[in-house]
Colleague: 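Just passing along the structure, written as structure tokens.
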Amino acid sequence: ASLLAFLNLVIFCGAIVFGAGSPQSAGRLIQWAAGRPGIPIPSPANGLVVFLCHCSEDKAAVREIDRLLKADGFQPWLDEDDIFPARMWDKEIQRGLRASHAVIVCLSKTFARKEGYVRKELRYAIDLAGEKPDGAVFLIPVRLQECEILASLAEVQFIDWFKHDGHEKLLRALRERAKEVGIESAASNATA
């Protein structure tokens, strides 16, 4: 009976993807059917969903990370791309964080002294990390420049994006997270 139920589920999901034309369209179709548009549904077919936590002053560097992650086969979640118009951005950010498989915290001198919403966003990400199994890769501090590491992230090994091996170290961390959550992506298969 379990096998039959599983096969029915596989056939149903395949029909949705086939009928929608692409995994992205299928995700939108499922969201519409669930009556909850605008809520990201992570799809293993699209790769690991990675939330980019950052302050607005660092947007240019974060856009570059976003671009490279997409090229590497990941699904970065970036506020300017993933918050639908006319939505309450606070709730959308919380949904984006909850729906993500990992959170990259983009640190800079500005971030270190910044007050306001970015601190609330970081606290929420840290709370979510507390829900993960011990040792899981979830919060990934990435220094965009030489800067202090926040006390709340001091126990997590950081990555220096600005060094020659920053991109490769980030890929290694994300590939590890993909393995933990059982997602095979193009990025998992490339130079592991």
Side-chain angles (χ1 to χ4, degrees), residues 13 16-17 20-31 38-56 58-84 89 92-108 111 118 121-122 124-126 128-129 131-133 135-145 153 156-192:
C13 291
I16 287 175
V17 171
S22 73
Q24 294 85 355
S25 296
R28 287 191 292 274
L29 181 61
I30 292 168
Q31 288 173 346
I39 298 172
I41 298 174
S43 168
N46 296 331
L48 194 76
V49 179
V50 183
F51 189 95
L52 298 172
C53 177
H54 64 285
C55 61
S56 56
D58 296 324
K59 189 67 82 176
V62 174
R63 283 184 187 124
E64 179 63 12
I65 293 172
D66 175 72
R67 185 187 67 74
L68 289 171
L69 289 178
K70 286 175 182 169
D72 292 329
F74 297 101
Q75 281 189 85
W77 194 101
L78 183 59
D79 55 359
E80 65 186 25
D81 294 335
D82 294 298
I83 296 178
F84 290 4
W89 55 268
E92 291 295 305
I93 286 173
Q94 288 182 28
R95 286 181 184 131
L97 279 163
R98 183 150 300 278
S100 295
H101 298 107
V103 176
I104 296 174
V105 182
C106 300
L107 299 170
S108 66
F111 192 109
V118 74
E121 185 177 297
L122 178 59
Y124 190 69
I126 290 169
L128 288 174
E131 297 175 8
K132 307 298 178 202
V137 175
F138 182 71
L139 286 178
I140 305 170
V142 173
R143 293 193 322 164
L144 303 176
Q145 59 188 209
L153 298 171
V156 182
Q157 180 61 40
F158 61 88
I159 295 168
D160 283 333
W161 181 254
F162 54 91
K163 292 192 175 174
H164 73 281
D165 60 350
H167 183 222
E168 182 54 38
K169 285 184 176 181
L170 180 57
L171 288 179
R172 284 193 351 230
L174 293 173
R175 287 182 194 126
E176 181 63 28
R177 181 60 177 157
K179 286 182 202 169
E180 290 174 359
V181 297
I183 292 177
E184 281 294 318
S185 67
S188 318
N189 298 326
T191 61

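Here the structure is a predicted model, which means the values were calculated and not measured. In what follows, every heavy atom counts, from backbone to side chain, and hydrogens, waters and symmetry copies are set aside.
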Colleague: Taking the side chain as every heavy atom from C-beta outward, state whether Ile159 and Ile104 have any atom pair closer than 4.5 Å.
Modeller: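 A side-chain contact is absent here, since even the closest heavy-atom pair is not under 4.5 Å.
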Colleague: Using 0.5 Å steps for rounding, measure from the CG atom of Leu153 to the CG atom of Leu122.
Modeller: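 CG of Leu122 is found 5.5 Å from CG of Leu153.
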Colleague: Run the side-chain contact (heavy atoms from CB on, under 4.5 Å) check on Arg143 and Trp161 step by step: do they pass?
Modeller: CA-CA 6 Å; Arg143 293 193 322 164; Trp161 181 254; over 6 Å; no
Colleague: Which atoms form the tightest heavy-atom contact between Val50 and Ser100, and what is the distance?
Modeller: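 The pair with the smallest heavy-atom distance is C-OG, 4.3 Å.
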Colleague: Quick one: CD on Glu80 to CG on Asp66, what's the gap to the nearest 0.5 Å?
Modeller: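 Reported value, rounded in 0.5 Å steps: 7.5 Å.
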Colleague: Could you tell me the separation between the CZ atom of Phe74 and the CG atom of Leu48, rounded to the nearest 0.5 Å?
Modeller: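 CG of Leu48 is found 6.0 Å from CZ of Phe74.
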Colleague: Under 3.5 Å, is there a donor-acceptor pair between the side chain of Gln75 and the main chain of Gly47?
Modeller: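 At least one qualifying donor-acceptor pair exists.
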Colleague: Looking at every non-hydrogen atom in both residues, tell me the closest pair between Val62 and Cys106 and how far apart they are.
Modeller: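 Result for this residue pair: CG2-SG, 3.9 Å.
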Colleague: Of Leu52, Leu69, Ile93, which meets side chain to side chain contact (heavy atoms under 4.5 Å, CB included) against Trp77?
Modeller: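 Single pass found, and it is Ile93.
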Colleague: Roughly how far apart are Cys53 SG and Ile140 CD1, rounded to 0.5 Å?
Modeller: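 That separation rounds to 12.5 Å.
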Colleague: Working note: Arg63 + His54, criterion side-chain contact (heavy atoms from CB on, under 4.5 Å); need CA distance, chi angles, decisive distance, verdict.
Modeller: CA-CA 10 Å; Arg63 283 184 187 124; His54 64 285; over 6 Å; no
Colleague: How many angstroms lie between atom CG of Leu128 and atom CZ of Phe51, to the nearest 0.5 angstrom?
Modeller: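 The CG atom of Leu128 sits 10.0 Å away from the CZ atom of Phe51.
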Colleague: May I ask you to decide whether Glu168 forms a salt bridge with Arg175, counting only side-chain N to carboxylate O separations under 4.0 Å?
Modeller: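 Looking at Arg175 together with Glu168, the answer is yes, because their closest N to O distance falls below 4.0 Å.
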Colleague: What's the verdict on side-chain contact (heavy atoms from CB on, under 4.5 Å) for Asp81 and Lys70, showing C-alpha distance, side-chain angles and the deciding distance?
Modeller: CA-CA 13 Å; Asp81 294 335; Lys70 286 175 182 169; 3.6 Å; yes
Colleague: If you compare all heavy atoms of Cys55 against all heavy atoms of Val118, which two are closest, and at what distance to 0.1 Å?
Modeller: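 Here Cys55 and Val118 meet closest at N-CG2, 4.1 Å.
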Colleague: Using 0.5 Å steps for rounding, measure from the CG atom of Asp82 to the CH2 atom of Trp89.
Modeller: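 Separation between the atoms: 16.0 Å.
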Colleague: Residues two or more places apart in sequence or in another chain: which of them pass salt bridge (Lys or Arg N to Asp or Glu O under 4.0 Å) with Arg177?
Modeller: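 Counting only residues at least two positions away or on another chain, Arg177 forms a salt bridge (Lys or Arg N to Asp or Glu O under 4.0 Å) with Glu180.
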Colleague: Return the set of residues passing salt bridge (Lys or Arg N to Asp or Glu O under 4.0 Å) with Asp79 (not counting sequence neighbours), or none when no residue passes.
Modeller: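 Testing Asp79 for salt bridge (Lys or Arg N to Asp or Glu O under 4.0 Å), a comparison that skips the adjacent residues, returns Lys59.
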Colleague: Quick one, Val103 with Phe138, criterion side-chain contact (heavy atoms from CB on, under 4.5 Å). Give me CA distance, side-chain angles, the key distance, then yes/no.
Modeller: CA-CA 6 Å; Val103 176; Phe138 182 71; 3.7 Å; yes
